Colleague: 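Encoded as structure tokens, here's the structure I'll be asking about.
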Amino acid sequence: MIRVQQRVFDAGDEQRALLEARSDIGAVVSFTGLVRDFNERPEVQALTLEHYPGMTEAALGDIVEQAQSRWPLQGVTLIHRIGRLAPADPIVLVVVASAHRRAAFEACDFIMDYLKTRAPFWKKEHTASGDYWVSERDGDHDAARRWEMSS
Amino acid sequence: MPLTNPSLTHLNARGEAHMVDVADKPESRREASASGLIRMQPETLALLAEGGLPKGDVLATARIAGIQAAKRTHELIPLCHALALSKVAIDFELDEPESCVHVSATCRLNGRTGVEMEALTAVSVACLTLYDMCKAVDKGMEIGAIHLDTKTGGKSGDYRREEARGERAVTPSFIESAASPIVTGEGASGEVSVGQRGDIAAPCIRVKCLAELRERLGVGDVTVPVDRLASSDVAGLKTALKALDARFEGLDQGRVLCAVNQVMAGDATPLTDNDEVAFFPPVTGG
């Protein structure tokens with residue numbers, strides 16, 4: 001299940017929905033990304049997430065499909081928010097269910113690494129000293145490359 | 001200034017109101033932009049910017065209201081036709097020095113009638129919705145300066161308010177909507193596509209600049225006729241864009257990515273009529 005939305009999500013509700021009426025799932029890993037109040041500059045008051053409607057959904061679908069081809073997964077929920085968010089707001093949720101923990105941990109990690117480098121989202125941060133667009137981080141690309149070397 | 005024999009198209013020979021028969025008019029690409037503003041107390045504007053108003057996300061709600069209003073203009077204005085709009089975009093700019101919100105709307109379709117009433121209606125209803133969303137804290141807000149900025153397509157020629165002011169201007173425009181930079185200001189990302197583009201006379205490539213690139217170049221959406229491309233690929237499109245407007249030199253500054261029909265692409269990716277090409281900076285989601 002993949003959603004791009006403005007409204008807030010509840011990680012607990014989403015995980016319960018994924019597991020409902022299932023007894024074959026042995027492990028579930030959930031990751032939630034939050035808005036920090038400091039980043040490239042301190043005192044981040046808010047951030048705005050822009051995306052490319054249409055391509056976003058396709059890119060997220062492709063990432064989840066790749067995860068499913070690499071690990072035996074029994075369910076994936078991926079939610080990314082757009083619009084204006086405040087510090088401590090949740091931005092992104094990845095919930096991965098599998099029979100065993102290793103696959104669930106790794107697939108969750110993989111989905112986040114690929115999302116950060118391939119899904120068309122852009123963050124603009126609003127701080128006490130003005131607004132600026134967040135720039136890409138080399139660390140994110142290094143993290144995504146790990147999966148290419150090990151496969 | 002006396003108008004030169006203008007006829008009011010909504011009145012018939014007997015002076016009665018009637019709806020103009022547009023069945024025999026040729027279809028063409030029509031676009032209109034309108035704008036207006038709502039003045040408020042500085043404290044109200046600050047609350048709006050912070051998202052601290054009791055009714056929630058004010059700009060997002062006003063944007064949807066404007067889009068819905070554009071689509072339903074024919075229900076409000078008696079002699080307007082129902083139109084299948086291909087695009088409605090609403091933008092807001094928060095203006096602290098003037099203590100107001102500037103609202104602008106752009107409507108587009110391929111059809112037989114203009115879309116200026118839709119753009120004006122979108123601005124009006126977006127302003128009214130801003131009033132409704134903020135009235136709990138400020139009842140003295142004032143809506144004003146609602147006017148048509150530009151209109152392109154159709155036999156009456158193109159109109160630009162700043163050029164016109166008396167004389168009607170007819171200008172060929174290759175770059176649509178590039179007349180004024182898109183201002184995201186407080187980060188309102190302003191565009192919702194409400195349908196697929198229909199067929200139009202000249203084969204075109206639709207170009208979008210996104211996020212930081214859109215603000216840096218001051219260009220959001222542009223349409224380029226296919227016959228202006230030096231070669232039928234992304235590299236040829238970039239050359240054509242730079243020839244049309246110097247701002248596109250910015251496509252070579254920093255890392256700029258490209259997608260064709262929403263799939264990642266490169267300079268050698270081939271292009272044909274009606275392709276959608278997006279240029280954007282490296283992604284930073286998650």
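Throughout, a chain's letter reflects where its sequence line sits, starting with A, and its residues are numbered from 1. These numbers come from a predicted model, not from an experiment.
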Colleague: Would you mind reporting whether T48(A) and H126(A) have side-chain heavy atoms less than 4.5 Å apart?
Modeller: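 The answer is yes; the side chains approach within 4.5 Å.
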Colleague: Provide the closest heavy-atom pair for V234(B) versus C258(B) in the form atom of the first, atom of the second, distance.
Modeller: CG1-SG, 3.9 Å
Colleague: Specify the closest pair of heavy atoms between D273(B) and V226(B), including all atoms of both residues, with the distance to one decimal.
Modeller: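 Reported closest heavy-atom pair: CA-CG2, 4.0 Å.
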Colleague: Testing the basics here: between C134(B) and T44(B), what is the closest heavy-atom pair and its distance to 0.1 Å?
Modeller: CB-CG2, 4.0 Å
Colleague: Does the side chain of M264(B) come within less than 4.5 Å of M55(A)'s, by heavy atoms?
Modeller: yes
Colleague: Most heavy-atom pairs under 4.5 angstrom with chain B, which of F121(A), W122(A), F31(A)?
Modeller: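 Ranked by heavy-atom pairs under 4.5 Å with chain B, first place is W122(A).
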Colleague: Given a strict heavy-atom distance threshold of 4.5 Å, which part of A119(A) is in contact with chain B: side chain, backbone, both, or neither?
Modeller: backbone
Colleague: If I compare all heavy atoms of I25(A) with all of Q74(A), which pair ends up nearest, and what's the gap?
Modeller: CA-OE1, 3.3 Å
Colleague: Assess the residue pair E14(A) and R3(A) against the criterion (salt bridge (Lys or Arg N to Asp or Glu O under 4.0 Å)); give the C-alpha distance rounded to whole Å, side-chain angles, the decisive distance to 0.1 Å, and a yes or no.
Modeller: CA-CA 11 Å; E14(A) 299 299 338; R3(A) 294 206 311 261; 3.0 Å; yes
Colleague: Considering only heavy atoms from C-beta outward, does the side chain of L210(B) approach that of E50(A) to under 4.5 Å?
Modeller: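 With C-beta onward as the side chain, the pair touches.
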Colleague: Can you say whether T56(A) sits under 4.5 Å from chain B via the side chain, the backbone, both, or neither, judging by heavy atoms?
Modeller: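 Contact with chain B involves no heavy atom of T56(A) at all.
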Colleague: Just wondering, are more than 12 heavy atoms of other shown residues or ligands nearer than 6.0 Å to CG in D138(A)?
Modeller: no
Colleague: So for R81(A), is it side chain, backbone, both, or neither that comes closer than 4.5 Å to the heavy atoms of chain B?
Modeller: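 Looking at R81(A), nothing touches chain B.
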Colleague: Is the closest side-chain heavy-atom distance between Q262(B) and Y52(A) below 4.5 Å?
Modeller: yes
Colleague: Please state whether the rings of W147(A) and F110(A) are parallel, tilted or perpendicular, taking 30° and 60° as the class boundaries.
Modeller: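 Perpendicular.
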Colleague: Among residues 275-286 of chain B, which residues come closer than 4.5 Å to chain A, judged by heavy atom distances?
Modeller: E276(B), A278(B), F280(B), P281(B), P282(B), V283(B), T284(B), G285(B), G286(B)
Colleague: So P270(B) and S232(B), do their side chains get closer than 4.5 Å, heavy atoms only?
Modeller: no
Colleague: Side chain from CB out, backbone as N, CA, C, O: work out which of these in Q6(A) comes under 4.5 Å of a heavy atom of chain B, or both, or neither.
Modeller: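 Interface part for Q6(A): side chain.
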Colleague: Going by residue number, which parts of residues 87-108 of chain A are within reach of chain B, meaning a heavy-atom gap below 4.5 Å?
Modeller: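 Residues of residues 87-108 of chain A touching chain B at under 4.5 Å: I91(A), V92(A).
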